[in-house]
S.K.: 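Sharing a structure, written as structure tokens. Questions coming.
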Amino acid sequence: MTGGLHGSLVRLRARHEADVPVLDAELHDDVAGNARGSRRAWRPISPGAQASMNRVAEPTERAAPFSVVTLAADELAGEASLWDIDTHHRSAHIGMALRPAYRGKGLATDVVRVLCHYGFVVLGLHRLQVDTLIDNHAMIATAERVGFRREAVNRHAGWVMGEFLDDVVLGLLAREWVP
């Protein structure tokens, strides 16, 4: 269990090639789940395709992708990222998806806490933001447990499986964050 960023339940580390087929099969190929968590329309991808959002990619100035691994068993639990990183305004968005078998076990809160540590302490950001569908009660509760505040509701901002849904924006400032 070396490398990466550690929480109390999870470690965020660089993506490994062996992670990609698992994440593609359990996260990308779940059409309904993917449609709810992505800003892009779902399209099928071939194994190992460059189009995979889970492919191994180096961090950039705009995005820092991670694989989520459990500390207890060193098992791949999902993916997480800071995205739309803006170094001028010192802000970023948080994104994450856990494999079905790892949901409801308290891992999401730990992932968000570790992403906050990375954003505020490592990158020196001032603001982090979560955008999620209004009926994603688990993500809203997770963000609020970490200290995020509801800031806005964007009406009918997301097209999901044949209907428009509202999007909730939650924000957290560095000075409000409690490690």
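Both backbone and side-chain heavy atoms feed into the values below; hydrogens, waters and symmetry mates do not.
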S.K.: Sequence neighbours excluded, which residues qualify as side chain to side chain donor-acceptor pair (under 3.5 Å) partners of Glu151?
M.R.: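 Glu151 satisfies side chain to side chain donor-acceptor pair (under 3.5 Å) with Arg127 only.
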
S.K.: For residues Gln129 and Ile94, determine if any side-chain heavy atom of one lies less than 4.5 Å from a side-chain heavy atom of the other.
M.R.: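 In short, these two side chains do not touch, never coming nearer than 4.5 Å.
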
S.K.: Check Ala77 against Leu107 and note the closest heavy-atom contact, atom names and distance.
M.R.: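 Distance-wise, the nearest heavy atoms are CB-CD1, 4.1 Å.
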
S.K.: Apply side-chain contact (heavy atoms from CB on, under 4.5 Å) to Leu76 and Leu23, showing your working.
M.R.: CA-CA 9 Å; Leu76 178 66; Leu23 295 174; 4.1 Å; yes

S.K.: With the side chain counted from C-beta on, respond yes when Arg149 and Glu176 share a heavy-atom pair under 4.5 Å apart, and no when they do not.
M.R.: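 With C-beta onward as the side chain, the pair touches.
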
S.K.: Which heavy-atom pair separates Val130 from Ala143 by the least distance, and what is that distance?
M.R.: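 That closest heavy-atom pairing would be CG2-CB, 4.3 Å.
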
S.K.: Got a salt bridge between Glu79 and Arg99, using NZ or NE/NH1/NH2 to carboxylate O under 4.0 Å?
M.R.: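 No salt bridge links Glu79 with Arg99.
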
S.K.: At their closest point, which heavy atom of Ser91 faces which heavy atom of Leu125, and how far apart are they?
M.R.: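 Of all heavy-atom pairs spanning Ser91 and Leu125, the closest is N-CD2, 3.8 Å.
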
S.K.: Look at the rings of Trp177 and Phe120 and say which category their plane angle falls in: under 30° parallel, 30 to 60° tilted, over 60° perpendicular.
M.R.: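 Tilted.
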
S.K.: Looking at side-chain heavy atoms only, is the closest gap between Phe148 and Val112 below 4.5 Å?
M.R.: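 SC-SC contact between Phe148 and Val112 confirmed.
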
S.K.: Rounded to the nearest 0.5 Å, how far apart are CD1 of Ile134 and CE of Met139?
M.R.: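 Spacing of CD1 (Ile134) from CE (Met139) equals 15.0 Å.
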
S.K.: Take His126 and Asp86 through the test side-chain contact (heavy atoms from CB on, under 4.5 Å) and record every step on the way to the result.
M.R.: CA-CA 10 Å; His126 173 69; Asp86 182 334; over 6 Å; no

S.K.: For residues Ala14 and Asp19, report the shortest heavy-atom separation together with the two atoms involved.
M.R.: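 Answer, listing the atom of Ala14 first, then Asp19: O-OD2, 4.3 Å.
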
S.K.: Please answer whether the main-chain N or O of Ala141 pairs with a side-chain N or O of Glu144 as donor and acceptor at a distance below 3.5 Å.
M.R.: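 Checked: no pair found.
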
S.K.: Quick one, Arg150 and Ile140 - any side-chain contact, counting heavy atoms below 4.5 Å?
M.R.: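 Yes, side chains in contact.
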
S.K.: Can Glu61 and Thr87 be said to form a side-chain contact (heavy atoms from CB on, under 4.5 Å), step by step?
M.R.: CA-CA 8 Å; Glu61 287 293 314; Thr87 55; 3.6 Å; yes

S.K.: Hey, any chance Val160 and Met96 share a hydrophobic cluster, counting ILVMFWY side chains that come within less than 4.5 Å of each other, even indirectly?
M.R.: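 No, separate clusters.
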
S.K.: Same cluster for Leu133 and Trp83 if Ile/Leu/Val/Met/Phe/Trp/Tyr side chains link at under 4.5 Å?
M.R.: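 No, Leu133 and Trp83 fall in different hydrophobic clusters.
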
S.K.: Applying the 4.5 Å side-chain criterion to the ILVMFWY set and letting contacts propagate, would Leu123 and Leu172 be lumped into a single cluster?
M.R.: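 In one cluster with Leu123: Leu172, yes.
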
S.K.: Measure the spacing between NE2 of His93 and OG of Ser81 and express it to the nearest 0.5 Å.
M.R.: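 Reported value, rounded in 0.5 Å steps: 10.5 Å.
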
S.K.: Going through the distances and angles, do His6 and Val114 end up as a side-chain contact (heavy atoms from CB on, under 4.5 Å)?
M.R.: CA-CA 7 Å; His6 296 263; Val114 176; over 6 Å; no

S.K.: Can any side-chain N or O of Asn154 pair as donor or acceptor with the backbone N or O of Ala157 at less than 3.5 Å?
M.R.: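 Pair absent, no side-chain N/O of Asn154 close to backbone of Ala157.
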
S.K.: Taking the side chain as everything from C-beta on, heavy atoms only, tell me whether His117 gets closer than 4.5 Å to Val122.
M.R.: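 A side-chain contact under 4.5 Å exists here.
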
S.K.: Are the side chains of Pro100 and Glu26 in contact, using a 4.5 Å heavy-atom criterion?
M.R.: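 SC-SC contact between Glu26 and Pro100 confirmed.
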
S.K.: I'd like to know if the side chain of Arg62 reaches the main chain of Ile85, judged simply by a donor and an acceptor atom lying under 3.5 Å from each other, with no hydrogens or angles considered.
M.R.: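 Side chain of Arg62 to backbone of Ile85: a pair is present.
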
S.K.: Do Leu173 and Tyr118 land in one hydrophobic cluster if side-chain heavy atoms of ILVMFWY residues count as linked below 4.5 Å?
M.R.: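 Shared cluster, no.
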
S.K.: Got Leu165 and Trp159 here, is their nearest side-chain heavy-atom distance under 4.5 Å?
M.R.: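 They are not in side-chain contact.
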
S.K.: So, does Thr60 use its side chain to make a donor-acceptor pair with the main chain of Ala63 at under 3.5 Å?
M.R.: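 Here the side-chain-to-backbone pair exists.
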
S.K.: Going by an N to O cut-off under 4.0 Å, is there a salt bridge joining Asp74 and Arg11?
M.R.: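 Looking at Asp74 and Arg11, the cut-off is met.
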
S.K.: Do Cys116 and Leu128 make a side-chain contact, defined as non-hydrogen atoms from C-beta onward lying under 4.5 Å apart?
M.R.: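 Result yes, sub-4.5 Å side-chain heavy-atom pair found.
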
S.K.: Output the distance between atom CZ (Arg13) and atom CG (Leu5), rounded to the nearest 0.5 Å.
M.R.: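 One gets 12.5 Å once the value is rounded to the nearest 0.5 Å.
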
S.K.: Report, as yes or no, whether the 6.0 Å neighbourhood of atom CZ on Arg145 holds more than 12 heavy atoms from other residues, nucleotides or ligands.
M.R.: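 Yes.
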
S.K.: Output yes when a side-chain donor or acceptor of Asp166 lies under 3.5 Å from a complementary backbone atom of His156, and no otherwise.
M.R.: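 Checked: pair present.
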
S.K.: Residues two or more places apart in sequence or in another chain: which of them pass side chain to side chain donor-acceptor pair (under 3.5 Å) with Tyr102?
M.R.: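 Applying side chain to side chain donor-acceptor pair (under 3.5 Å) to Tyr102 gives Glu75.
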
S.K.: Shortest non-hydrogen contact from Leu71 to Gly7?
M.R.: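 Answer, listing the atom of Leu71 first, then Gly7: CD1-O, 3.3 Å.
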
S.K.: Is Asp110 reaching over with its side chain to a backbone N or O of Val10, donor-acceptor style, under 3.5 angstrom?
M.R.: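 Checked: pair present.
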
S.K.: Check Gly95 against Leu115 and note the closest heavy-atom contact, atom names and distance.
M.R.: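 What the structure gives for the nearest pair is O-CD1, 4.0 Å.
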
S.K.: Give a yes or no on whether the backbone of Gly124 and the side-chain of Arg90 come within a donor-acceptor separation of less than 3.5 Å.
M.R.: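 Checking the backbone N and O of Gly124 against the side chain of Arg90, a donor-acceptor pair under 3.5 Å is found.
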
